[in-house]
Q: 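This structure is in structure tokens; I'll ask about it shortly.
Letters go in sequence order (proteins before strands), and every chain restarts at 1. Just so it is clear, the model here is predicted, and its values are computed rather than measured.
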Amino acid sequence: MSGVALAPSPPGGAPPAFLRDARALQRKLVEEYYGQLASTETPRRPVAYMLVGGNLTEILRSFGYDVVFPEIVALNCAIKHQSLDNILHAESMGYGLDVCGYVKNDLGLQDLGGKTSFGQIPRPDLLVCSFSGCYIYVKWWEALSESYGAPLFMFDVPYMRDETPRKEDIDYLVSQLWELIHLLEKRTGRSFDMDQLKRVLAESRRAEDGWVEYLRAGRSRPSPIEAYFESIFYMFPINVLRGTPEAADFYEVVNAEVRARVRDGNYPLPEEKYRVLVEGVPPYTNYRTFWDFFRKWGAVSVVATYPKVGGLFDRGFRHDPSRPLESIAEYSLGAYVNQSWPLRRKIIADYVKEYQVDAAIVHGIKSCRSFTAGQGDLRDWLIHEKGLPTLYIESDHQDPRYFAPAQIKNRMDAFFESLEQRRAVAARAGAVPA
Amino acid sequence: MSGAVAGVDIGSTTAKCVLLGEDSRILGKSLNPVGVDIVKDAERALEAALADAHLSRSEVSFIAGTGYGRYKVYFGQLIVTEISCHARGANFLFPGTRVVIDIGGQDTKAIRVNDKGEVVDFAMNDKCAAGTGRFLDVCANALGFDVAEIGPLSLQARRAVKITSTCTVFAESEVTSYVSRGKDPKDILAGLHASIANRTLSLMQRVGVEPEITFTGGVSQNEGMVQALHRRLGAPVNVSPLSQYLGALGAALHGRERLSGGAT
């Protein structure tokens with residue numbers, strides 16, 4: 001999320017647009033975060049490792065924990081082209097070619113001592129497996145627990161089968177949250193402070209409001225935001241710093257800049273030819289190359305599912321200080337990849353309408369089953385049931401060996417060529433362009 | 001000035017060029033292997049087609065590039081993917097085409113097209129070479145044959161063996177294992193062709209199988225592969241001596257359309 005490399009100049013275009021102040025502030029927040037993690041102060045704050053999906057950061061934060069998100073550390077390594085060494089090291093430890101790239105990148109990094117170009121990643125005092133929908137993730141946390149001798153707290157989150165969370169699921173999760181709270185009290189010697197948690201949740205809510213305002217800007221035509229390639233940078237505060245005033249303030253900066261973009265007519269591309277929905281995890285190792293493949297055709301991602309992995313706030317959910325634990329339970333249930341496929345399809349179909357989408361691009365991850373399984377069927381469903389031109393391409397989020405630029409570019413060029421042709425034919429026939 | 005347009009298709013193993021006259025008649029064509037200097041290969045392809053057509057460079061009004069090396073056709077005015085070009089070329093030769101199977105040196109594509117030769121949907125093999133011309137090259141080599149021989153030989157098989165591996169590397173091992181067990185090389189070759197036909201069918205099913213089916217790319221010149229696909233599909237496939245040129249032909253057709261102010 002914190003890539004700092006200069007953007008390559010795409011053919012005939014300007015460098016990718018970013019919200020300048022927001023991007024600078026995001027970098028500062030990322031640096032401060034990793035600086036805090038690398039702190040050598042004694043006694044240092046306790047450290048918990050947690051997963052992004054449905055994370056319980058507010059509870060951990062209320063007990064004074066520093067929270068490490070190994071998925072985010074891994075993607076930071078990948079975007080800075082540092083993932084392959086870690087992955088190869090994990091493979092030398094015995095992890096197979098088809099094991100999740102996040103897992104291998106992180107386990108390789110940990111075994112090599114946790115040193116990255118953006119800071120030393122501290123050892124965990126506690127492992128909180130906050131997303132149980134991916135079996136490989138559960139095994140990842142078990143491996144870390146065994147490696148570090150740190151206790152593992154399994155937060156067992158049932159899949160979402162219906163649009164509205166079931167009461168028995170909420171009750172089940174709240175009972176586990178109390179178990180976690182008692183464990184944290186025991187480990188820190190601190191008493192749980194419900195009022196403190198409510199204050200943290202109020203800040204979370206403020207950040208969520210700001211994040212949603214940003215995401216919904218993609219509904220405008222043209223879109224003032226790039227909802228996939230640009231948003232992956234602005235996800236950091238909502239996922240990692242949620243519950244702090246800094247996170248909430250960050251989105252005020254973001255939204256002020258978005259409003260300025262609209263006022264000044266300064267859009268992600270000079271001409272928005274195609275409004276695209278993107279589903280799937282980005283190929284972090286080659287994300288700017290991938291972005292150029294879109295830009296070349298005047299394609300702007302106006303909405304994407306990936307920025308929702310930390311929560312479906314744009315679908316209405318907010319943390320609620322008046323129902324602290326219940327709303328945290330609802331949040332965990334509502335993580336994007338915790339939705340059943342019928343629910344995911346409904347979300348995507350709604351996005352297609354709300355954001356006036358022309359086409360969808362689905363990026364599958366070879367080594368990921370929790371996000372990717374079912375995406376082939378999604379492609380067929382979008383084409384045949386929704387009449388939406390949809391392209392499925394595949395590479396990897398962490399492993400650069402699986403990104404084949406010529407093949408991916410070829411598919412994307414052919415896809416946009418066919419869209420262009422359809423538009424031309426429709427225009428000749430006097431029909432409304434697709 | 002002649003109204004000739006050129007389509008230059010720089011594939012992974014061969015460079016093709018087709019020159020098209022104003023009446024859409026093919027004036028000349030060329031086919032050469034590609035080396036490490038793709039820019040020169042593209043120029044040579046054009047020069048060879050010009051020689052074949054007895055035309056000079058100045059008589060060519062428009063040039064379109066396609067194939068993996070399309071961005072190296074620096075002297076062209078239009079770049080189009082080979083997916084769009086094979087679709088257009090197949091439609092030109094066989095107007096009833098609804099699905100194009102293009103098996104080239106390093107990839108296999110299934111392209112669904114409409115009655116105008118426009119791409120409706122497509123699917124391709126991923127990064128690996130399973131089921132491509134390269135797959136046949138490697139296996140022919142393992143059996144000590146030239147790739148041009150294996151199609152006719154496969155048609156002489158009495159009992160095709162079953163090749164279970166789709167990976168080129170593993171299939172080569174499987175071929176070696178059959179050889180060591182004394183299997184007739186013709187039966188092994190028939191098994192290899194059937195294996196590619198199976199893989200091609202599964203690719204086609206991703207875009208929808210619908211007649212007519214037109215087979216393009218270098219492997220379409222392999223009669224054993226044509227028959228294997230026919231058997232697996234239970235339907236004939238269109239092939240032509242020009243099938244290997246359909247990418248270049250399609251590029252020339254796109255060029256012609258662009259020249260006349262059309263929508264390419």
Q: Between B:Phe122 and chain A, which part of the residue has a heavy atom less than 4.5 Å away: side chain, backbone, both or neither?
A: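 Backbone plus side chain of B:Phe122, per the 4.5 Å heavy-atom cut-off to chain A.
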
Q: Quick check for you: to the nearest 0.5 Å, what is the distance between A:Phe415 atom CZ and B:Asp121 atom CG?
A: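 Between atom CZ of A:Phe415 and atom CG of B:Asp121 there are 9.0 Å.
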
Q: Would the distance check show the side chain of B:Glu118 and the main-chain N or O of A:Ser418 forming a donor-acceptor pair, the cut-off being under 3.5 Å?
A: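 Such a contact is absent between B:Glu118 side chain and A:Ser418 backbone.
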
Q: Should we count OH of B:Tyr71 as having more than 12 external heavy atoms under 6.0 Å?
A: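 Counting other residues, nucleotides and ligands, OH of B:Tyr71 exceeds 12 neighbours.
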
Q: Backbone N or O of B:Val120 within a donor-acceptor pair of the A:Arg422 side chain at under 3.5 Å?
A: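 A pair under 3.5 Å: yes.
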
Q: Taking the side chain as every heavy atom from C-beta outward, state whether A:Gln421 and B:His254 have any pair of such atoms under 4.5 Å apart.
A: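 Side chain of A:Gln421 against side chain of B:His254, heavy atoms only: contact under 4.5 Å found.
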
Q: Do B:Tyr68 and A:Lys409 pair up side chain to side chain, a donor and an acceptor below 3.5 Å, judged on atom types alone?
A: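 The criterion, which ignores hydrogens and geometry beyond distance, is not satisfied for A:Lys409 and B:Tyr68.
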
Q: Can you tell if the side chain of B:Val80 reaches within under 4.5 Å of the side chain of A:Glu417, non-hydrogen atoms only?
A: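 Heavy-atom side-chain distance check passes, below 4.5 Å.
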
Q: Go through the atoms of A:Ile383 and report whether side chain, backbone, both or neither lie under 4.5 Å from a heavy atom of chain B.
A: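 For A:Ile383, side-chain heavy atoms alone lie under 4.5 Å from chain B.
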
Q: Just do the side-chain contact (heavy atoms from CB on, under 4.5 Å) check on B:Thr81 and A:Arg411 with the steps written out, would you?
A: CA-CA 8 Å; B:Thr81 61; A:Arg411 285 160 169 77; over 6 Å; no

Q: Are A:Asp380 and B:Arg206 side-chain neighbours, meaning at least one heavy-atom pair lies under 4.5 Å?
A: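 A:Asp380 vs B:Arg206: side chains apart.
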
Q: In plain terms, say whether B:Arg70 and A:Asp413 are close enough for a salt bridge, that is, a side-chain N and a carboxylate O under 4.0 Å apart.
A: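 So B:Arg70 pairs with A:Asp413 through a salt bridge.
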
Q: Can you say whether B:Ile111 sits under 4.5 Å from chain A via the side chain, the backbone, both, or neither, judging by heavy atoms?
A: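 When you check distances to chain A, no heavy atom of B:Ile111 falls under 4.5 Å.
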
Q: So what's closer than 4.5 Å to chain B heavy atoms on A:Leu391: side chain, backbone, both or neither?
A: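 For A:Leu391, side-chain heavy atoms alone lie under 4.5 Å from chain B.
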
